[in-house]
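What follows is a single structure, written as structure tokens, with notes after it.
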Amino acid sequence: MREKTMKLVVTFHTTAGAMAMEKLCRKEGIEGRIIPVPRCITSDCGMAWCAPLEARGDIERAVEGRDIDLAGYHEVMV
Amino acid sequence: MIYLDNAATTLRKPDCVAQAVCAALGSFGNDGRGVHAGALSASRIIYETRERLASLLGCARADHVVFTANSTEALNIAINGALGAGDHVLSTDLEHNSVLRPLYRLQQERGAAVDFLHADTVGRIDYDDFERLLKPNTRAVVCTHASNLVGNMLDIARIGKFAKEHGLLFIVDASQTAGAYPVDMERMGIDVLCFTGHKSLMGPQGTGGLCIREGVELRRWKVGGSGVKTFLTEHPGELPTRLEAGTLNGHGIAGLHAALGFIESVGVEAIHAHEIALMRRFYGAVRGIEGVTVYGDFETDARAPIVALNVRSYASDEVADELSEVYGIATRAGAHCAPRLHCALGTREQGAVRFSFGYFNTEDEVDAAAEAVRRIAQ
């Protein structure tokens, strides 16, 4: 297994929300990728956006004013 | 075969549609079920298809575009999800059974009331009837954008204004117009727009959906697999998941995605202009033939590219069969799932022969069809 590090994980209510985030981050040049929602956040299924901790400010600015179905920000070992 | 049954489905699609479906069949996993490359390939294309539809149809949010199998399913979700006992609904004689039967069932099973604006013998409604039929418990207007039988278009912006003034939900069936005529939910005041993917959107059969204005809440109609919130006993409430239980038709949606790209590149206005020019050419050629009766309102080009006609007192199915067997021309005879409008036109018994034109039809095909009608009428 790969070594875990502390990362920012953004969760969504829907798959469409995760897809909107991926597209936005790609457009804005924000580092990150789609991962399964870590079970330490919820044992439900779903997609999350995983990014370096320092990307949080860029992400928050990018989503501001946009209709992205965002559920929450988490800092977890993944 | 000369295919002039585009109001039923567009048989000829842009080449990119079949290519996209084939590519998806070889590469798609299941949207929202996992994050491996296959699942993400499906999720990305499906999301981008929502974006393209939202852009084309004037829906403010891509995640408020919900996929269904067709317009009928979308209309059932909208009508049953928004309306119920004690509600009064306004609709029109121009409707297809995909609107009529859900409304009739609402009357029969839930005690709702429905009034229909009557069409005249040309298939036109009197817009003042909306005011006349309004009741204190009127909750919604449900109507088509264009008749699938004669092509007459309703003034959706005008009806949307009426609905807004009276606080009514406005549900529109855009089966005959999405992709072939400018549709703008916001500008037209539409709350729920129902579309099918396989007609003027030129995508595969088995694709369709609803565009929902933000703040409009529709009851869930089916519940089940969602790929998210697995341990909730209730199906998730956020759109689009709220109304999309089960695996989507990802392969079909990939085809629709490609079709939307084609429509974007050509332009809806250019598609409409081409189709209406063909319709005008055909209408001009057949309207004067002795024994031919053409139905519908041709005073404006704000219509779907449809010409419905009869030849003498011949049964419409016999004329359509003659066109098919002798001339190789595909049309649609009968009642077209539009019973109220056939009654208004006086064609309940005879039915009508519907010629409907698409982007890939040519003037030569139109001329051949008109000549066939002329010969049959001799």
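Scope of the values below: all heavy atoms of this structure, side chains included, with no hydrogens, waters or symmetry mates. Please read these numbers as outputs of a predicted model, since none were measured by experiment. To find a chain, count down the sequence lines: A is the first, B the second, and so on, and within it residues start at 1.
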Would you mind checking which part of A:Ala18 comes under 4.5 Å of any heavy atom in chain B, side chain (CB onward), backbone (N, CA, C, O), both or neither? neither
Name the region of A:Thr42, side chain, backbone, both or neither, that has any atom closer than 4.5 Å to a heavy atom of chain B. neither
Select one option (side chain, backbone, both, neither) describing which atoms of B:Ile46 are under 4.5 Å from chain A's heavy atoms. neither
Engaged part of B:Arg44 at the chain A interface, taking heavy atoms whose separation is under 4.5 Å: both
Quick one: which residue pairs count as a salt bridge (Lys or Arg N to Asp or Glu O under 4.0 Å) with a foot in residues 240-249 of chain B, not counting sequence neighbours? B:Arg50-B:Glu244, B:Glu217-B:Arg242
Taking B:Val228's backbone N and O only, do any of them form a donor-acceptor pair with A:Asp44's side chain (distance below 3.5 Å, no angle check)? no
I'd like to know whether NZ of B:Lys161 has more than 12 heavy-atom contacts from other residues, nucleotides or ligands below 6.0 angstrom. no
Are there over 12 heavy-atom neighbours, none belonging to A:Glu60, within less than 6.0 Å of that residue's CD? yes
Testing the basics here: between A:Ala16 and B:Tyr47, what is the closest heavy-atom pair and its distance to 0.1 Å? O-CE1, 3.5 Å
Name the option with the most non-hydrogen atom pairs under 4.5 Å to chain B; the candidates are A:Asp67, A:Thr14, A:Thr15, A:Ile68. A:Asp67
Top residue by heavy-atom pair count (under 4.5 Å) with chain B, among A:Met19, A:Met47, A:Glu22? A:Met19
